[in-house]
Amino acid sequence: YTDSGPSGPQDMSLRVPKEPQNKVTVVLGAQWGDEGKGKVVDLLAMDADIVCRCQGGNNAGHTVVVDSVEYDFHLLPSGVLNKKAVSFIGNGVVIHLPGLFEEAEKNLHKGKGLQGWEERLKISDRAHIVFNFHQAVDGIQEQQRQQQEGKNLGTTKKGIGPAYSSKAARNGLRVCDLVSDFKVFEEKFRMLAEHFLTMYPNLNVDVDSELQQLKGYAERLRPLVTDGVYFMHKALTGPSKKILVEGANAALLDIDFGTYPFVTSSNCTVGGVCTGLGVPPSYVGRVYGVVKAYTTRVGVGAFPTEQNNETGDLLQSRGREFGVTTGRRRRCGWLDLILVRYAHMVNGFSAIALTKLDILDALPEIKVGVAYKVDGQPLPSFPANMDVLTRVTVEYKTLPGWCCSTEAARSFEDLPPQAQSYIQFIEDFLQVPVKWVGVGKSRESMIKLF
């Protein structure tokens with residue numbers, strides 16, 4: 001074996017491991033969603049070059065307030081407000097096209113933030129499409145669960161589960177199908193609709209009308225569609241770029257690691273970044289976990305630290321805890337650090353963004369869940385079985401409240417000593433630093449600690 005091949009000496013530099021040129025920064029929910037990811041993404045997106053969505057669909061809801069205007073995003077990356085950044089919807093996202101264009105129209109009417117959005121949005125050609133009949137099936141399935149077992153999953157009825165089911169059953173249709181030969185697309189669409197009609201005879205599907213609608217969307221969509229793998233590869237290996245990935249949903253809603261079956265249909269933990277964008281693991285940089293200063297959950301499912309009492313009502317009203325996508329009232333309880341530590345095990349958070357600390361301003365004392373027991377025995381880890389989770393008793397650490405407003409704080413030192421201790425307790429328990437603390441609705445209310 002020599003160093004020279006048929007064409008002369010080999011380039012030995014190929015054998016020297018290369019550090020990735022650009023790494024993606026990831027923002028993920030560390031609880032059951034609604035942690036305030038949009039605010040953290042908005043903060044980081046201000047100087048980002050590319051902002052990506054990697055999974056989920058319009059079952060997600062991010063609220064971003066800019067110049068006193070409140071924008072609601074469901075499919076569009078929150079970074080679309082940055083006019084200098086490219087927004088990218090990756091292959092792991094399922095897209096309801098009427099939902100996408102309606103969302104853009106609604107936000108255009110609210111303020112100037114979204115002007116020219118179509119010029120700065122790219123959509124992966126490998127992303128699957130959510131059809132109207134997927135949404136109708138979602139509603140029927142929830143009805144059936146209610147009738148059969150007396151409990152539904154509490155889905156958003158946006159067709160997300162049925163669309164991911166089509167993807168897994170390999171009869172789904174993708175963006176690349178829609179923007180190529182429409183005749184071929186039409187045949188496949190009719191077959192897919194027929195498949196669902198066979199399964200759900202009561203389904204109301206107007207195939208011709210939806211095809212007509214989709215033909216119109218295909219024209220609007222075509223200029224936005226790109227080969228997502230090639231797009232991300234160029235971004236990662238080209239000139240220096242800041243690339244941000246915003247996760248939808250959250251760790252405890254992950255299809256593999258969440259409180260199954262009360263979960264979403266995608267991987268909303270860090271693995272979803274690689275599969276949902278085509279990003280090699282070595283290109284994943286910092287991973288920020290967003291943690292609300294207390295815990296909320298929408299819909300049904302076990303919730304160990306839930307407070308069905310005055311405390312829960314206070315958190316609910318002070319935090320204005322209503323779902324962005326569904327408008328449903330959120331269940332509220334104390335911060336559950338066993339749950340957040342579990343999310344950290346799966347995601348490996350570099351740092352935490354702690355949001356809505358100001359909601360705790362009115363409480364004389366604050367409890368934090370630090371251990372689970374079942375039948376008097378300590379649980380060493382977060383249980384997979386939901387029947388076990390519904391039976392856990394939580395061991396709490398009680399910390400003193402601060403009983404004064406934190407909303408004017410703009411540095412760690414501005415916070416009352418008790419609020420500082422609360423943050424430090426979280427850091428010590430998780431062994432992860434808190435990088436930002438949110439004390440209000442605006443971008444400026446995110447205090448950066450380091």
Side-chain angles (χ1 to χ4, degrees), residues 28-35 149-151 153-154 249-264 268-269 289-316 319 321 330-349 352 354 356-357 359-360 363-401 418 421-432 434:
L28 299 172
Q31 293 153 301
W32 274 296
D34 311 309
E35 300 93 349
E149 296 175 41
K151 58 178 183 186
L153 292 182
N249 319 110
L252 275 295
L253 294 172
D254 184 279
I255 185 78
D256 282 284
F257 303 109
T259 46
Y260 192 90
F262 304 102
V263 291
T264 191
C268 21
T269 42
V290 188
V291 179
K292 197 181 279 186
Y294 48 102
T295 311
T296 60
R297 178 161 202 180
V298 171
V300 281
F303 183 171
T305 63
E306 183 171 14
Q307 298 298 299
N308 282 318
N309 52 27
E310 283 176 18
T311 303
D313 291 343
L314 180 82
L315 293 170
Q316 206 278 330
E321 294 294 352
R330 295 180 189 139
R331 300 154 64 192
C332 297
W334 297 119
L335 178 61
D336 184 338
L337 285 181
I338 308 105
L339 187 145
V340 179
R341 183 174 59 193
Y342 170 69
H344 173 48
M345 287 177 194
V346 175
N347 289 306
F349 297 131
I352 295 279
L354 186 70
K356 296 185 106 166
L357 185 75
I359 306 308
L360 305 181
L363 292 162
E365 58 176 37
I366 298 159
K367 290 185 177 181
V368 182
V370 292
Y372 287 169
K373 280 183 178 175
V374 169
D375 302 329
Q377 295 299 309
L379 271 185
S381 58
F382 191 83
N385 188 316
M386 282 312 97
D387 298 328
V388 174
L389 192 66
T390 52
R391 286 172 40 228
V392 301
T393 52
V394 182
E395 203 174 286
Y396 289 102
K397 169 84 175 169
T398 303
L399 298 164
Q418 298 89 333
S421 299
Y422 186 68
I423 293 161
Q424 284 160 344
F425 181 83
I426 293 166
E427 290 183 315
D428 291 343
F429 186 94
L430 298 173
Q431 289 295 290
V432 183
V434 171

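Keep in mind that the numbers below use all heavy atoms, side chains included, and drop hydrogens, waters and symmetry copies.
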Using distance alone, with no hydrogens and no angle criterion, decide if D336 and Y342 have a side-chain donor and acceptor under 3.5 Å apart.
no
Only distances under 3.5 Å count here; give the side-chain donor-acceptor pairs of residues 374-384 to other protein atoms, sequence neighbours excluded, each with its distance to 0.1 Å.
from	atom 1	to	atom 2	distance (Å)
D375	OD1	R391	NH2	3.3
D375	OD2	R391	NH2	2.7

Side chain to side chain contact (heavy atoms under 4.5 Å, CB included) evaluation trace for V291 with L335
CA-CA 9 Å; V291 179; L335 178 61; 3.9 Å; yes
I338 and A371: which non-hydrogen atoms are nearest, and at how many Å?
CD1-N, 3.3 Å
Do T269 and D254 have side-chain N/O donor and acceptor atoms under 3.5 Å apart?
yes
Of all the heavy-atom pairs spanning A250 and G33, show the shortest one and how long it is.
CB-N, 3.1 Å
Please report the interatomic distance CD(E365) to OG1(T398), rounded to the nearest 0.5 Å.
5.5 Å
CZ of R297 to CG of D34, rounded to nearest 0.5 Å, is 11.0 Å
Just verifying a value: how many Å separate E427 CD and L354 CG, rounded to the nearest 0.5 Å?
9.5 Å
Minimum heavy-atom separation for A30 to L252, with atom names?
O-CD2, 4.0 Å
Enter the distance from I366:CD1 to F425:CZ here, rounded to the nearest 0.5 Å.
12.0 Å
Which heavy atom of E35 sits nearest a heavy atom of N249, and at what distance?
OE1-O, 4.4 Å
N/O donor-acceptor pair under 3.5 Å between K373 side chain and E395 backbone
no
Have a look at T311 and tell me which of N308, N309, D313 forms a side chain to side chain contact (heavy atoms under 4.5 Å, CB included) with it.
N309
OG1-CG distance between T259 and L389, expressed to the nearest 0.5 angstrom:
7.0 Å
Quick one: ring-ring contact (aromatic ring centres under 6.0 Å, His included) partners of F303, sequence neighbours excluded?
W32
Out of L315, L363, V368, which residue meets the side chain to side chain contact (heavy atoms under 4.5 Å, CB included) rule with Y294?
L315
Given side chains that start at C-beta, do those of Q31 and T296 come closer than 4.5 Å, heavy atoms only?
no
Closest approach of K356 to A293 (non-hydrogen atoms, all atoms of both residues)
O-CB, 3.9 Å
Among T393, V388, V394, find the residue that satisfies the side chain to side chain contact (heavy atoms under 4.5 Å, CB included) test when tested with Y372.
V394
Return the CG to OH distance between L357 and Y422, rounded to the nearest 0.5 Å.
7.5 Å
Just by distance, do the side chain of K397 and the backbone of V370 share a donor-acceptor pair under 3.5 Å?
no
N/O donor-acceptor pair under 3.5 Å between Q307 side chain and T305 backbone
yes
Partner residues of F349 under the ring-ring contact (aromatic ring centres under 6.0 Å, His included) criterion, sequence neighbours left out
H344
N/O donor-acceptor pair under 3.5 Å between R341 side chain and Q431 backbone
no
If you count the non-hydrogen atoms of other residues, nucleotides and ligands that lie under 6.0 Å from CZ in F429, is the total more than 12?
yes
Measure across K292 and R330 and return the closest heavy-atom pair with its distance rounded to 0.1 Å.
NZ-NH1, 4.1 Å
